[in-house]
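To start, the structure itself, in structure tokens.
Just follow the structure's listing: the first ligand is 1, and inside any ligand the first atom is 1.
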Amino acid sequence: MDYQKVIDRIHGELLELWGQGKVADYIPALAKVNPRQFGIALITLDGQEFLSGDAGVCFSVQSISKVFTLAMVTRHIGDGIWKAVGREPSGNPFNSLVQLEHEQGFPRNPFINAGALVVTDRLISLYPHPKDAILEFVRGLCGNDDIYYDKEIARSELDHADRNMALAYFMKSFGNIENDVDILLDVYCHQCAISMSCEDLARAFLFLCNRGTNPLNGEQVLTVSQAKRLGALMLTCGFYDESGDFAFRAGLPGKSGVGGGIAAYIPGNLSVTVWSPELNRHGNSLIGMEALERLTTDIGNSIF
Ligand code: GLN
């Protein structure tokens, strides 16, 4: 399979879709990003790398970080996390408050903001220096020590975190947040502001592609069963109220972020990350979703 040819062709074809989506602007620092960028990195489990467009440009991973924090917490407390957060698709926007009231502060899944806040809260309880621990974990996954928080984006999100604060306080009123909400929001806004390229992210997701073991260094990050579960959650919940549509179109476990990135993989085969900042109305990269649909169609391979 000539992956380079496939991704270069997709890159060329997608340029006609510029302008149909909109960059996230509820975090002012994200609104400053040049919308007309596109990158794709595809890395096979046997170590071949294929890059096209802006695959080396760093961007804000945003909600893709929710996979990293869930993996970290799972390593420590395993199934314990499911006492605090569910694992069903929400069918609601990522920052919705509505469902939480009906479900008494128990978020539907770890990838909507409410669920991710609970996961980060438990991470804070587990690690004395949570922000350092997150960076160390992500650097280890992709083998790049040059990964940092984008301080400007973290600050900008913290300054506009009213909705996430509301979610956290609301859950705390039900006893589902253990730590101080200001500390929780500081860590959460930093994890969302991790700056990585498509190439870094495609490497960082190789451990999931490889049943929990990082092929870059042989480290078992998760057990086979934990990796299976994380992938299942990405497939069913990774795109908020568009998760079904992404599964339908691309047929891959994946996770999106409002920075415009999408990390996805074919188990036992390859990891692929796309990035393009213009979002559709669900907060997922418009061109990124299209690129992954075309990729799995063109290569005739997905999880189905
Ligand atoms: N930092 C963003 C927020 O909490 C993450 C949302 C996303 O990427 N979908 O609103």
Side-chain angles (χ1 to χ4, degrees), residues 21-33 35 58-70 85 89-100 107-121 123 131 134 138 149-171 177 181-196 198 201 233-234 236-243 245-246 254-264 273-286 288-289:
K22 205 169 153 287
V23 172
D25 54 8
Y26 73 102
I27 302 171
L30 278 185
K32 291 202 259 173
V33 173
C58 286
F59 61 93
S60 183
V61 305
Q62 293 293 319
S63 284
I64 298 173
S65 67
K66 294 170 181 173
V67 178
F68 301 139
T69 48
L70 181 61
V85 57
S90 71
N92 277 310
F94 63 86
N95 55 5
S96 173
L97 277 155
V98 176
Q99 213 161 33
L100 261 190
R108 268 291 169 99
N109 69 64
F111 295 150
I112 51 173
N113 283 13
L117 285 162
V118 168
V119 171
T120 299
D121 176 68
L123 190 146
K131 287 193 276 190
I134 294 169
V138 174
Y149 296 116
D150 182 322
K151 293 278 176 198
E152 189 196 341
I153 290 182
R155 182 75 256 160
S156 177
E157 182 164 0
L158 253 179
D159 287 343
H160 296 82
D162 308 302
R163 176 83 66 114
N164 285 326
M165 286 260 179
L167 290 167
Y169 275 116
F170 192 66
M171 292 189 289
I177 293 292
V181 168
D182 288 322
I183 294 173
L184 171 56
L185 263 292
D186 180 55
V187 177
Y188 175 79
C189 291
H190 275 83
Q191 78 176 62
C192 290
I194 297 173
S195 189
M196 292 171 83
C198 290
L201 277 165
L233 286 164
M234 288 171 69
T236 53
C237 310
F239 296 75
Y240 323 110
D241 47 346
E242 201 172 26
S243 298
D245 202 48
F246 182 77
K255 184 74 204 80
S256 66
V258 291
I262 300 176
T273 295
V274 291
W275 169 59
S276 190
E278 291 184 353
L279 308 179
N280 64 21
R281 67 189 170 88
H282 301 280
N284 298 315
S285 172
L286 190 139
M289 287 195 49

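Between Phe246 and Phe239, the ring planes lie parallel to each other; the angle is under 30°, not in the 30° to 60° tilted range.
The salt bridge (charged side-chain N to carboxylate O under 4.0 Å, His left out) search around Lys151 returns none, not counting sequence neighbours. Every residue was checked against the side chain to side chain donor-acceptor pair (under 3.5 Å) condition with Asp245, not counting sequence neighbours, and none meets it. Under the salt bridge (charged side-chain N to carboxylate O under 4.0 Å, His left out) criterion, Asp182 pairs with no residue at all, not counting sequence neighbours.
The only option from Leu30, Asp150, Asn164 that meets the side chain to side chain contact (heavy atoms under 4.5 Å, CB included) definition with Glu157 turns out to be Asn164.
Residues Lys22 and Asn280 bring no donor and acceptor atom of their side chains to less than 3.5 Å of each other.
Around ligand 1 you find Tyr26, Gln62, Ser63, Phe94, Asn113, Glu157, Asn164, Tyr188, Cys192, Tyr240, Gly257, Val258, each with a heavy-atom distance below 4.0 Å.
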